[in-house]
Amino acid sequence: MSDSTGSSPFLERPMSPDSTQRHAVSLKYRMNAMQNEFEIEKLSLQRELSTLDKKYRTNLDELEKALGDTKYLYDTNTELESKVKALEEQLSELKTTQDTQSFILRQKLAEKERDIEQLRSESRSKVSELENKYQNSKIESESSKSLLKRYEEEIESQNRQLKELQSAVAQRDDEIASIKASRVVMAHHNYSTEELAELTTLNNLLEEQIKFSKTLEKANLEQANELKKLRVSRDSYQFLLSENERLKTRQEQQGPLERQVQDLELENINLQSQLSFWNSFSTSKDEGTKTRPEEIVKEWTLLKHENLGLVNTNSKLQLDINNVKVLNDELALERNQLLEINKNYETSILNLKKLNYEIEQQKLLSFEECKILRNQLDNLLPIEDNPEDHNKENAGSLGDLVENYKNKTEDLTNELKRLNEELMTRGDAVSSFKKRKTSDDIALNYSQRLNELQLENVDLNRKLTASLETIAMLETKVTKLRQLDQKKLRIMQLRDNPFSKDQLVKRKQLDLLLKENKDLLAGGAISHQHSVPRSLYDRLEFDVKQLENEIFKLNKKTTRLREVFNRKSLEFIEVVNSLLGFKMEFQSDGKVKMISCYKPEKYLVADLHHNSLKSNLQSDIDSWDALLEEFVVKRGQMPGFLASVTLQLWEKQQKSLD
Amino acid sequence: MASSLSLKGSTRIVTEFFEYSINSILYQRAVYPPEDFVTVRKYDLNLLKTHDDELKSYIRQILLQVHRWLLGGKCNKLVLCIVDKSTCDIVERWEFDVQHNGQESYTEQTKEVENAETQKQIRALMRQITASVTFLPELEENDNYTFNVLAYTDANAKVPLEWADSDSMDIPDGERVEFRSFSTNNHKIRTQVSYKMNI
């Protein structure tokens, strides 16, 4: 800035071209710098934007992942919840099934225990039976052996006799031959009558001998046949014995087999029941398509799931219904409140209308009053102009005016009253509105009543079902009681009574005989020589059993009789001992041993066969020989001798006691 | 308490009587051989009682259940039938009717008196049963007869599995002889026999 211009320094002067150029360059430079800065800034911002974008994308991805995770977690949670529910249900079901199973198993256990007891008793009886059989067969085999031996001996003796007889026959034959030869020699001789008689007797003798030899031969043949038969029977006996052994072993094996069979039967029954159970399902469906149990189980599980779902939806719907009911009640209450408010509002409107009308009336009255007052004011103005002349008149007119005003106001108030009354009477015009209100009340009442009736209906339904159940129960009871009335008494008998047992044995025997008869008749046509029907064997076995039982009974009887005999003999000995002073012991060889009750260590032995008496009492009785001589030898009184011996022994005992 | 004791006691007396009467009949009528019986002292009498284990267990089984039924007031009659094995005919039918009396109040003294009276009545009845062989037809052929015991119960009585229903096993047109009866505090027992003529 130069002062040559003389102008104010504050005035702006035009710039020089150099300065403008410089300014432009600087501006350009500044612009370039700014552009560069802008570019740099832009690049940095773009980089930031890209990084932010990346961040944003990664965050978005993370968010999506998180959302997916949450969804997955939510789904798994719902699944797990459903699984937990299902498992809980399964658990409860399993518990119930376990309880029932444990109950059934307990029952089964009790039954098994009972069965075991029964089987034990049966096995014991079987064992005893088998033991008896074994004993009997032993005895039988021994007896048969002895019989066989006897037969063999007999056969040997018969053989011996046969040989002897054969030799005798040969001798006789020789004799016959010699006689025949002598006869030939003597053919041309003259025989005397004596010789002829001898010859005839000899001939007779020979004939007799021949006859005898023939009969012996016959007997021999018969015995040989018998021997053969016996051998055959021996073979058959041995065969039967082996068969018996085999059957016994088989019978022993039969026990576990029977048990197995029983188990299998039980299993079979169970399977049959299961099959029938499944069949009932299959028959209920199409008859042509037979469904397998797996399919039914699958279907059943599906139906179960469906049922569970339906139950859940049902419970939800029930809850919704309950909620809706609650809501309905709340709405009904709200409606009641609103109706109340509406009613109040309407009454207030009426009141306000009345008030408005009154105000309108009052307004009209006040207008009327204003008019009157204006008129009066207009009338009063000339009076004021001339007050002295008309003071008296004015006073009179004013009084009149007040009176008129009063009358008018009274009239108007009366009219207002009348109009109000009219308005009140006109209230009938709003009857339709009232009707509407009452109809609303009735609807409300109806909804309440409906709810009550629904509840009542549910209660009644419950009561009805309960009463139906009780009726059914009572009907069954009545039928039972009627049946009881028909059959008041029962006659009972033990299943295992002697009469039934006897009948059972007879029935079994009859059945076996019938079977045997049938088999024999059937087998007659085929006629196997070396085979017999099994029924025959069974019948024989049964007979053997019966006979064994009979033998057992007889043995029992014998033992009992023996017991009775022993008891009685003991009684007898006791009586003899107490009355006669001697204890008697009957020995096997006809001897009687007598022991005195006063000297039990010594005895007398009387041999009844040889009529002799031995004793070791000599040393205790002083005059033994004299007594014996006196009573036995001379008088032959044995009782007297014994009595005197007893007396002496008693005296001795008394002495020793003293 | 006293009444239940009385009922138990009375039932025991009745069951015991049944045991001895069944044994006596089986012995007197030779249904079982005499060596199967031993003499015992009961009711001031020499009575016979079996010592065959099978028969003993059978009678015990019957009487245990009859005792239970009597305690519950469910048994009205006990019948012993003698049956011909070969023809299955009922030849004799011994009936013991049981009447259940109401509970009566009594003191210890009266109980003793009643017991003594009951024992006396039972004694007389047992004598009659023993003497009945004199008028009853002779049962020939040893070991041809068996027996069965029937119990008449109420329809609603509990019946164990060992028991089954039976018919009454009556003797058509049979002769009938009634014996003495005896009473306890709670029961009255009437005995009679019906038998088939001309066996």
Side-chain angles (χ1 to χ4, degrees), chain A residues 107 110-111 114-115 117-118 121 124-125 128-129 132 477 479-510 546-547 549-568 570-571, chain B residues 26 31-38 50-55 57-66 69 74-86 88 90 142-170:
Chain A
Q107 276 184 338
E111 279 175 10
R114 243 179 282 141
D115 286 349
E117 281 297 316
Q118 207 177 342
S121 61
R124 272 179 211 149
S125 64
S128 64
E129 262 183 33
N132 282 329
K477 273 190 179 178
T479 48
K480 274 183 187 173
L481 282 166
R482 272 180 193 157
Q483 280 170 0
L484 285 176
D485 283 339
Q486 282 168 3
K487 197 180 174 185
K488 277 180 181 173
L489 272 177
R490 283 178 80 177
I491 306 170
M492 309 305 303
Q493 66 174 359
L494 263 180
R495 286 179 202 276
D496 192 21
N497 62 63
F499 177 57
S500 299
K501 270 187 196 170
D502 186 56
Q503 289 300 306
L504 201 75
V505 167
K506 278 183 178 167
R507 173 66 59 83
K508 204 174 174 184
Q509 197 173 16
L510 189 70
Q546 291 308 307
L547 287 168
N549 280 336
E550 203 70 27
I551 289 163
F552 180 71
K553 274 183 191 170
L554 286 168
N555 282 336
K556 202 164 79 174
K557 192 175 179 178
T558 319
T559 49
R560 287 213 174 124
L561 283 167
R562 204 170 282 158
E563 276 171 15
V564 170
F565 172 74
N566 286 337
R567 209 165 46 237
K568 288 283 168 193
L570 276 172
E571 213 174 302
Chain B
L26 294 177
V31 180
Y32 283 84
E35 61 269 11
D36 280 6
F37 294 86
V38 286
T50 185
H51 63 114
D52 180 57
D53 291 330
E54 202 182 345
L55 181 61
S57 74
Y58 173 63
I59 293 171
R60 195 183 299 128
Q61 203 182 351
I62 289 167
L63 293 176
L64 271 171
Q65 188 53 45
V66 168
W69 278 329
K74 304 285 181 192
C75 185
N76 308 313
K77 194 188 275 189
L78 194 81
V79 177
L80 189 151
C81 298
I82 297 173
V83 191
D84 192 330
K85 275 186 194 174
S86 53
C88 294
I90 316 296
N142 281 336
D143 203 26
N144 192 33
Y145 295 96
T146 186
F147 78 107
N148 195 9
V149 177
L150 309 175
Y152 283 58
T153 64
D154 286 353
N156 58 352
K158 277 184 184 173
V159 179
L161 281 171
E162 292 84 26
W163 289 75
D165 284 299
S166 162
D167 60 341
S168 58
M169 289 187 163
D170 285 319

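These values consider heavy atoms only, across backbone and side chains, with no hydrogens, waters or symmetry-generated copies. Values in this document were obtained by computation on a predicted structure and should not be read as measured data.
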Legend entry - Donor-acceptor under 3.5 Å (B:Lys85 side chain, A:Gln503 main chain): no
Legend entry - Nearest atoms (heavy-atom pairs only) where A:Arg490 meets B:Ala155: CD-O, 3.8 Å
Inset, instruction - Indicate yes or no: at least one non-hydrogen side-chain atom of A:Lys556 is less than 4.5 angstrom from one of B:Asp52. - result: yes
Inset, instruction - Would you check if A:Pro498 and B:Tyr145 make a side-chain contact, meaning some heavy-atom pair closer than 4.5 Å? - result: no
Inset, instruction - Calculate, to the nearest 0.5 Å, the distance between atoms CD and CG belonging to A:Gln493 and B:Asp165 respectively. - result: 8.5 Å
Inset, instruction - Would you mind checking which part of B:Leu161 comes under 4.5 Å of any heavy atom in chain A, side chain (CB onward), backbone (N, CA, C, O), both or neither? - result: backbone
Legend entry - Separation between CD1 of B:Ile82 and CZ of A:Phe499, rounded to the nearest 0.5 Å: 13.0 Å
Inset, instruction - Look at B:Ser168, B:Ala157, B:Ala151, B:Cys75 and state which one has the largest set of heavy-atom pairs under 4.5 Å with chain A. - result: B:Ala151
Legend entry - Atom pair CD/OG1 of B:Glu35 and A:Thr559 - distance to nearest 0.5 Å: 9.0 Å
Inset, instruction - Go through the atoms of B:Asp36 and report whether side chain, backbone, both or neither lie under 4.5 Å from a heavy atom of chain A. - result: both
Inset, instruction - Give a yes or no on whether A:Glu563 atom CD has more than 12 heavy-atom contacts from other residues, nucleotides or ligands under 6.0 Å away. - result: yes
Inset, instruction - Specify which of B:Gln61, B:Lys74, B:Lys77 makes the most heavy-atom pairs with chain A at under 4.5 Å. - result: B:Gln61
Legend entry - Gap between atom CG of A:Leu494 and atom CG of B:Leu150 - 0.5 Å precision: 10.5 Å
Legend entry - From A:Met492 atom CE to B:Ser166 atom OG, the distance as rounded to the nearest 0.5 Å: 8.5 Å
Inset, instruction - Please flag which part of B:Gln65 lies under 4.5 Å from any non-hydrogen atom of chain A: side chain, backbone, both or neither. - result: neither
Inset, instruction - Check whether more than 12 heavy atoms from other residues, nucleotides or ligands sit under 6.0 Å from atom NZ of A:Lys508, and answer yes or no. - result: no
Legend entry - Atom NZ of B:Lys158: over 12 foreign heavy atoms under 6.0 Å: no
Inset, instruction - Return the option, out of B:Val159, B:Leu55, B:Asp167, with the maximum number of heavy-atom pairs under 4.5 Å with chain A. - result: B:Val159
Legend entry - Atom of A:Arg560, atom of B:His51 and distance for their closest heavy-atom approach: NE-CE1, 3.6 Å
Inset, instruction - Evaluate whether atom CZ of A:Arg495 has more than 12 neighbouring non-hydrogen atoms of other residues, nucleotides or ligands under 6.0 angstrom away. - result: yes
Inset, instruction - Go through the atoms of B:Phe37 and report whether side chain, backbone, both or neither lie under 4.5 Å from a heavy atom of chain A. - result: neither
Legend entry - Which portion of A:Asp496 sits near chain B, non-hydrogen atoms under 4.5 angstrom: backbone
Inset, instruction - Output, in order, the C-alpha distance, side-chain angles, deciding distance and verdict of side chain to side chain contact (heavy atoms under 4.5 Å, CB included) for B:Val149 and A:Asn497. - result: CA-CA 8 Å; B:Val149 177; A:Asn497 62 63; over 6 Å; no
Inset, instruction - State, yes or no, whether a side-chain contact exists between A:Leu489 and B:Thr153 at a heavy-atom distance under 4.5 Å. - result: no
Legend entry - From OG (B:Ser86) to CG (A:Asp502), nearest 0.5 Å: 9.5 Å
